[in-house]
Amino acid sequence: MNRSIFVVILFASISTLAVWTPAPAKENPAALAQRELAAESRGDAAAALALYSDDAIVQYGGLCWTPCVGKAAIQKELERRVAAKNRWTIIGKYASGNVAVIQTELQIGFIEGSGVDRVVVWCIYEVKADKIAVVTLVGQRTDPQTARFIEWFQKQPAR
């Protein structure tokens, strides 16, 4: 093979890889999650929604026991959280690659009837192209207040 043809093919291959290799995330997933929770806590559903991709998924909790898929469905859940005056406090953050796991204490607006003042919720964020792609919420059942709240909540009539 002619040396100049080899160099041209090698250069074209490297250039193609450079174009097709996805750029690393510019924003740390934990920082993005923190911004989303802060927006919800201050009552700004629109700012929180802007951090989600168009085809994002939120699963478990609120209106999303059946996963909420897409911004329109997620908007309804975020507006519900804001109306309930939910307040998130981050008590632990863990991140690796495009995933952040955020341990929170959540004060829920309608929690008074449950006999607890807060619940512990683990929020697992998956980020794609600097937008939130998936959020999974999990109550920490080993926490006595959270376990009591879940038991109380399950006895409530459907909302």
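FYI, the numbering just counts along the sequence from 1. Just so it is clear, the structure is predicted and the values come from calculations on it, not from any experiment.
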One thing to verify: whether R148 and E151 come together as a salt bridge, which I'm taking to mean a side-chain N less than 4.0 angstrom from a carboxylate O.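 No, no charged N to carboxylate O under 4.0 Å.
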Quick one: does [X]'s side chain get under 4.5 Å of [Y]'s, heavy atoms only?
| X | Y | value |
| --- | --- | --- |
| Q34 | I102 | no |
| K71 | L49 | yes |
| I150 | R141 | yes |
| N86 | L106 | yes |
| V99 | Y125 | no |
| T104 | W122 | no |

Quickly, which of K76, Q75, R81 forms a side-chain hydrogen bond (donor to acceptor under 3.5 Å, both in side chains) with E79? Name it, please. Q75
Give a yes or no answer on whether the side chain of [X] reaches the backbone of [Y] with a donor-acceptor pair at less than 3.5 Å.
| X | Y | answer |
| --- | --- | --- |
| K131 | A50 | yes |
| Q103 | V121 | no |
| N98 | V127 | yes |

Any idea which heavy atoms bring [X] and [Y] closest together, and the distance?
| X | Y | result |
| --- | --- | --- |
| C123 | W88 | SG-CZ3, 3.7 Å |
| S114 | V116 | OG-CG2, 3.1 Å |
| A95 | A30 | CB-CB, 4.2 Å |
| K128 | A133 | CB-CB, 4.0 Å |

Single-linkage hydrophobic cluster, 4.5 Å side-chain cutoff, [X] and [Y] together:
| X | Y | value |
| --- | --- | --- |
| L137 | Y52 | yes |
| V138 | V135 | no |
| I132 | V82 | no |
| W152 | V120 | no |
| V58 | I108 | yes |

How far apart are the C-alpha atoms of R118 and T146, what are their side-chain angles, what is the distance that settles it, and do they pass the side-chain contact (heavy atoms from CB on, under 4.5 Å) test? CA-CA 7 Å; R118 57 96 185 125; T146 305; 4.0 Å; yes
Decide whether T89 and E105 meet the rule of one side-chain donor and one side-chain acceptor closer than 3.5 Å. no
Tell me, which pairs form a disulfide bond (SG atoms under 2.5 Å apart) where one or both residues lie in residues 53-84, sequence neighbours left out?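 Of all non-adjacent pairs touching residues 53-84, those that pass disulfide bond (SG atoms under 2.5 Å apart) are C64-C68.
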Let's go through L37 and I90 carefully: what are the C-alpha distance in whole Å and the side-chain angles of both, what is the deciding distance for side-chain contact (heavy atoms from CB on, under 4.5 Å) to 0.1 Å, and is it a yes or a no? CA-CA 9 Å; L37 294 170; I90 295 173; 4.1 Å; yes
Sequence neighbours excluded, which residues qualify as side-chain contact (heavy atoms from CB on, under 4.5 Å) partners of A48? E36, A39, E40, L78
CG/L32 to CG/D130 distance, rounded to the nearest 0.5 angstrom? 7.5 Å
What is the distance from atom CG of D117 to atom CD of Q107, rounded to the nearest 0.5 Å? 6.5 Å
Name the orientation class of the two ring planes belonging to W65 and Y60 (parallel below 30°, tilted from 30 to 60°, perpendicular beyond 60°). tilted
